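Working notes for the structure below.
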2 protein chains.
Amino acid sequence: MATLRDLAAAVGVSVTTVSNVLNGRPNVGSDIRKRVLRAAKKLGYRPNLAAQAMRTGRTRAIGLVLPDLTNPFFPELAQAVENTARSAGLLVCLIDSQGKTEGEADGFSLLMQHAVDGVIWCPLGPTAPATLKNFSKPVVLIDRPRQGYDVVQSDYAMGGRLLAEYAVRMGHTSVGLLSGPERIESARQRRDGFIGARPRELKVAWEVGVGFDGMLTREAVAALTRRRSATLIICGNDLIAISAIRCLSEHGIRVPEDVSITGFDNIRWTELVTPRLTTIAQPIAAIGAKAVELMRERMSGEPLVSRRTIFDVALVERDSVRRLPPR
Amino acid sequence: MATLRDLAAAVGVSVTTVSNVLNGRPNVGSDIRKRVLRAAKKLGYRPNLAAQAMRTGRTRAIGLVLPDLTNPFFPELAQAVENTARSAGLLVCLIDSQGKTEGEADGFSLLMQHAVDGVIWCPLGPTAPATLKNFSKPVVLIDRPRQGYDVVQSDYAMGGRLLAEYAVRMGHTSVGLLSGPERIESARQRRDGFIGARPRELKVAWEVGVGFDGMLTREAVAALTRRRSATLIICGNDLIAISAIRCLSEHGIRVPEDVSITGFDNIRWTELVTPRLTTIAQPIAAIGAKAVELMRERMSGEPLVSRRTIFDVALVERDSVRRLPPR
DNA sequence: TCCGCCAAGTGAAACGTTACACTACACAGC
DNA sequence: GCTGTGTAGTGTAACGTTTCACTTGGCGGA
């Protein structure tokens, strides 16, 4: 691989001058500038990132720390993050903690050792790994806000409102809640958004919390199959909703004929399952792209106040909710 | 961050000695060794990877180049790769080409610039990016073999055999094929495995090729809905199968009552859709782990012949295939 | 006693960049 | 003719590691 020194020798100038040209610094005559650029192209010069990193402390790589690629929300996100990062010349280093806090901690320490320039992070729970304390690079949060950090997420209160309105519009008066985990901020926001926006006449017959991974607890199965008064089940995300449909169908309960269901996220699978899932769409790709954008601003030393970017969500009506006849 | 020099000063030995201790080299007395280790722990020393990379040319990072995270096969794979890599102290740098060859090329050049120690790659098509020519680090292929490279994949011939046997066992005599893309080696292997293993009395009524992403072409939809003689549809992967089920159900054709369907891969969704999908299971996580293992062997300069690791597959019988009454 | 050998440890030069302090020269202003 | 200023370009010291060649002292063998 050609080095700065090679270029310098080829053109007949000093290494410093070559470096100055390549970094667009002033005080280089235009002919020399041209000759250096030509030589660089001809010799196929690519800066040695390791050397650069060592000198400057910047690596042009960012970390992406996710809880679980098995939940289809995250691959979609990762894809968006990787693609927009790459078009900005940034490499994305992936950590999948598989839902384990120590995985998250390991991941962060690996990323720190590699001196990534920043981390885009969807936190597992409320407690941050200890190693994060002495991580001086920018961190942008996805989906789950936390004091003192930039975050980009969707307007979950709006999602809750949309769901509540829709429920009454479709004639439902009693719902069951299959919420996401209590300890996850965004799960609470979804739940509270709905609870708060719901008019008095819309009752919550029961509520049980499950993981975002869609694994149904015994309690959840019981709630689903006991056939209490709820005619509509509001799920914390699409994965939960789809698992619930599956569970119901195994117990001979039909959706939406016997009970209606909604999801949240609008992952691709909502269109592929039967019945197609009515859900709240969040702009996953836009969220990923925005996170990279915020990251880049931070990396170039932008504003020091923490910012939150909130995207609108929308109701996507499909086949999993039945309109109830007026009584 | 503490450096070797700091440690040397703290212990009162030379930098070289500290380096020797940390790299487990001989010719260091056991007391000095202990004192260095103690100091390293106390000062929280972590080697500066950039400096190390610059000296040695190794980065302790590997690339993972995938076609499309949106296909659930790949997140599962990525998760396995990342986790086993991390437990070997390797960082995984992700590239998602989104099915575009130029994305693949960009990705490789980014990885090369970052001097990753190797790449685990699931190639998009038969042609490799030009930049790959002068990539001197090890490459191990996943799922799609190619002359001169290590590869790890499943035994697709076996899968085809299993499918063929199963089809006749269930009384089917005429099948339709919704194969994966012709240009992808592993798609051909699946198809050819089935075609080759099938007994004479099992007819192929029709065949159409579609993308592994499950997007059904007009031609595919026509084949599915025209209700020709086929009683069983063999799909190139689960995503295609699930899309097909969806498409059929939109046209009022029931699975498995009217027509049966099989998938391939055994992604998690096969259990969540209705009907649950009968499919061929491949050990996705094991494939990912094995790829990392091969990579590590190559990185430490192991055998120079290219090796292929083939995993057995298994039939997973669920609800999407109907047993036909004997005529 | 001397030689040679081995283990334990050291010094310094690289790796490819960047950044600082410097020189050389031209030209304007007085 | 001198000083001051600005432009174009150079030399060199870092950054933190690894590695090669080297020194030192102790000890066994003849």
Side-chain angles (χ1 to χ4, degrees), chain A residues 1-37 39-40 43-61 89 112-117 136-137 299-301, chain B residues 1-37 39-40 43-61 89 112-117 136-137 299-301:
Chain A
M1 215 28 157
T3 74
L4 279 195
R5 210 188 330 273
D6 298 336
L7 291 196
V11 178
V13 295
S14 75
V15 176
T16 302
T17 299
V18 177
S19 171
N20 285 338
V21 170
L22 264 19
N23 293 303
R25 271 185 270 273
N27 291 346
V28 183
S30 65
D31 48 336
I32 288 208
R33 187 176 297 272
K34 254 179 270 168
R35 280 161 57 203
V36 167
L37 258 18
L43 301 191
Y45 172 78
R46 320 229 69 182
N48 179 324
L49 244 30
Q52 220 159 258
M54 177 162 163
R55 233 5 287 244
T56 64
R58 347 193 67 222
T59 51
R60 303 177 155 286
M112 284 173 63
Q113 196 172 146
H114 278 263
V116 294
D117 290 341
S136 52
K137 306 291 178 56
M299 280 165 52
S300 50
Chain B
M1 213 32 157
T3 74
L4 279 194
R5 208 185 334 270
D6 298 336
L7 291 196
V11 179
V13 295
S14 75
V15 174
T16 303
T17 299
V18 177
S19 171
N20 285 339
V21 170
L22 264 21
N23 293 303
R25 271 185 269 273
N27 291 346
V28 183
S30 65
D31 48 337
I32 288 210
R33 188 175 295 273
K34 254 180 268 168
R35 280 161 58 204
V36 167
L37 259 16
L43 301 192
Y45 171 79
R46 319 229 68 180
N48 179 323
L49 245 29
Q52 220 160 256
M54 175 160 163
R55 231 6 282 247
T56 63
R58 346 194 66 221
T59 52
R60 303 179 156 287
M112 283 171 64
Q113 199 175 140
H114 278 264
V116 294
D117 290 340
S136 52
K137 305 291 178 58
M299 280 165 52
S300 51

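All values derive from a computational prediction rather than experimental measurement. Within every chain, numbering begins at 1; the chains are lettered A, B, ... in the order of the sequence lines, protein sequences first and strands thereafter.
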- Nucleotide C:dT18, atom C1' - distance to CZ of A:Arg58 in whole Å: 14 Å
- Smallest heavy-atom separation, A:Arg33 atom then A:Gly24 atom, equals NH1-CA, 4.4 Å
- Query: Can you find a side chain N or O atom of A:Gln52 that sits less than 4.0 Å from OP1 or OP2 on C:dT18?
  - Reply: yes
- Could you state the CZ-P distance from A:Arg46 to C:dT17, rounded to the nearest angstrom? 12 Å
- Would you mind reading off the distance between A:Met54 atom CE and D:dC15 atom C1', rounded to a whole angstrom? 4 Å
- Query: If only side-chain N and O atoms of B:Arg5 are considered, is one of them under 4.0 Å from the OP1 or OP2 phosphate oxygen of D:dT17?
  - Reply: no
- Message: Can you give me the closest heavy-atom contact between A:Ala61 and B:His114, atom names plus distance?
- Response: CB-CE1, 4.1 Å
- Can you check the B:Asn23 CG to D:dT17 C1' distance for me, whole Å? 9 Å
- Query: What's the shortest heavy-atom distance between B:Ala53 and B:Thr59, and which atoms?
  - Reply: CB-CG2, 4.0 Å
- Message: Which heavy atom of B:Met299 sits nearest to which heavy atom of B:Asp117, and what is that distance?
- Response: CG-O, 3.8 Å
- Query: B:Leu4 side chain: which of C:dT17, D:dT18, D:dC15 is closest?
  - Reply: D:dT18
- Side-chain N or O of B:Arg25 closer than 4.0 Å to phosphate OP1/OP2 of D:dT19: yes
- Integer-rounded Å distance: D:dT18 C1' and B:Leu49 CG: 14 Å
- Heavy-atom nearest pair, A:Tyr45 first then A:Thr3, reads CE1-C, 3.8 Å
What does the list of N/O pairs under 3.5 Å between the protein and nucleotides 8-11 of chain C look like, with a distance for each?
| residue | atom | partner | partner atom | Å |
| --- | --- | --- | --- | --- |
| C:dG9 | OP2 | B:Gly29 | N | 2.5 |
| C:dT10 | OP2 | B:Ser14 | N | 2.8 |
| C:dT10 | OP2 | B:Ser14 | OG | 2.9 |
| C:dT10 | OP2 | B:Thr17 | OG1 | 2.7 |
| C:dG11 | N7 | B:Thr16 | OG1 | 3.3 |
| C:dG11 | O6 | B:Thr16 | OG1 | 2.8 |

- Task: Please determine which of A:Leu22, A:Val15, A:Thr17 meets the side-chain contact (heavy atoms from CB on, under 4.5 Å) test together with A:Leu7.
- Result: A:Leu22
- Determine whether any donor atom in the side chain of A:Arg55 lies under 3.5 Å from an acceptor atom in the base of C:dA19, or the reverse, and answer yes or no. no
